[in-house]
*Asks:* 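Please read through the structure below; I'll follow up with questions.
Positions are given from 1, in the same order as the sequence printed here. When a ligand or atom number is given, it counts from 1 through the structure's own listing order. As the structure is a prediction and not an experimental result, all values here were calculated from the model.
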Amino acid sequence: MQFDEVILGRRSIRGYKPDPVPRELIEEIIGLAMRAPSSMNTQPWSFYVITGEPLEKIRAGNTERMLAGVPQSREFRTGEAFTGQHRDRQIGVAKQLFSAMDIARDDKEARQDWVMRGFRQFDAPVCVIITYDRVLDGSDDTPFDCGAVATALVNAAWSRGLGTVINSQGIMQSPVVREHAGIAEDQVIMKSIALGWPDESFPANSVVSTRKSIADASVFVGFDG
Ligand SMILES: Cc1cc2nc3c(=O)[nH]c(=O)nc-3n(C[C@H](O)[C@H](O)[C@H](O)COP(=O)(O)O)c2cc1C
């Protein structure tokens, strides 16, 4: 696949075929992703690649705790709830997804089912947890570097026909993930990526999210002089 095809074709995948993903292919994707730049080439990231029974235990633990109302326990700062244009964009993509899935605004049960899918990692056969070295805690460069490698990973996966969705839902109950993935104490849990072969018949997989315009996003300085 050409670069533009990957970048323009990739979208978040929230419905997967149950087929397993070969370990060698995931290693190849991680190898490509790790060509991402990082601050001073620190490469602060690690990847816990989880499938099978440990992943089932994480799905079950996340579900149980979310349904029981256990408050989320992410290991990084989350800031305030979105407002203004950010909230509008959050609602915008949610509307696109609910429309594709034919979930009505007042259908609380269907909405709840949809949210619970996220806590189950969208039933993907593989989940990749990105962590970073705790010794770097406090530097905003480090989460930035994790974002860079995560973006590279989802694009590398797409170039090999695999779908992904970067998500926070999978790590909202970090103790569950830490226990079943055996995450070392010197690692901070940053983000979760569900990974697998896209189920083409799953309606939400066809949603193409919008982007603000280049003019809204960019300030060009010194070009007109
Ligand atoms: C940091 C981060 C957290 C995200 N968390 C979730 C999540 O918890 N659940 C979900 O369904 N999608 C999640 N997403 C996916 C975004 O909703 C998605 O990337 C965005 O709407 C743009 O759509 P696209 O990936 O299809 O281009 C997350 C993405 C990022 C980068």
*Asks:* Report, one line per pair, each donor and acceptor closer than 3.5 Å where one atom sits in a side chain of residues 90-97; sequence neighbours left out.
*Replies:*
| from | atom 1 | to | atom 2 | distance (Å) |
| --- | --- | --- | --- | --- |
| Q90 | OE1 | R87 | NH1 | 2.9 |
| Q96 | NE2 | V208 | O | 2.9 |

*Asks:* Taking all non-hydrogen atoms of both residues, which atom of G9 and which atom of W158 are closest, and how far apart?
*Replies:* O-CZ2, 3.0 Å
*Asks:* Determine, for E75 against R178, whether the closest basic-nitrogen to carboxylate-oxygen distance falls under 4.0 angstrom.
*Replies:* yes
*Asks:* In a table with atom names and distances, give each donor-acceptor pair under 3.5 Å that connects a side chain of residues 76-85 to protein atoms at least two apart or in another chain.
*Replies:*
| from | atom 1 | to | atom 2 | distance (Å) |
| --- | --- | --- | --- | --- |
| R77 | NH2 | D140 | OD1 | 3.1 |
| Q85 | OE1 | R89 | NH2 | 2.8 |

*Asks:* Considering only distance and modelled atom types, tabulate donor-acceptor pairs under 3.5 Å from the side chains of residues 27-39, sequence neighbours left out.
*Replies:*
| from | atom 1 | to | atom 2 | distance (Å) |
| --- | --- | --- | --- | --- |
| E27 | OE2 | R23 | NE | 3.1 |
| E28 | OE2 | R160 | NE | 2.9 |
| E28 | OE2 | R160 | NH2 | 2.9 |
| S38 | OG | T42 | N | 3.3 |
| S38 | OG | Q43 | N | 3.0 |
| S39 | OG | D141 | OD2 | 3.3 |

*Asks:* Tell me if the CG atom of D102 is crowded by more than 12 foreign heavy atoms within 6.0 Å.
*Replies:*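 Incorrect, the count does not exceed 12.
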*Asks:* Tell me which residues fall inside the under-4.0 Å heavy-atom shell around ligand 1.
*Replies:*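 Protein residues near ligand 1 are R10, R11, S12, R14, V93, F122, V165, I166, N167, S168, Q169, K191, S209, R211.
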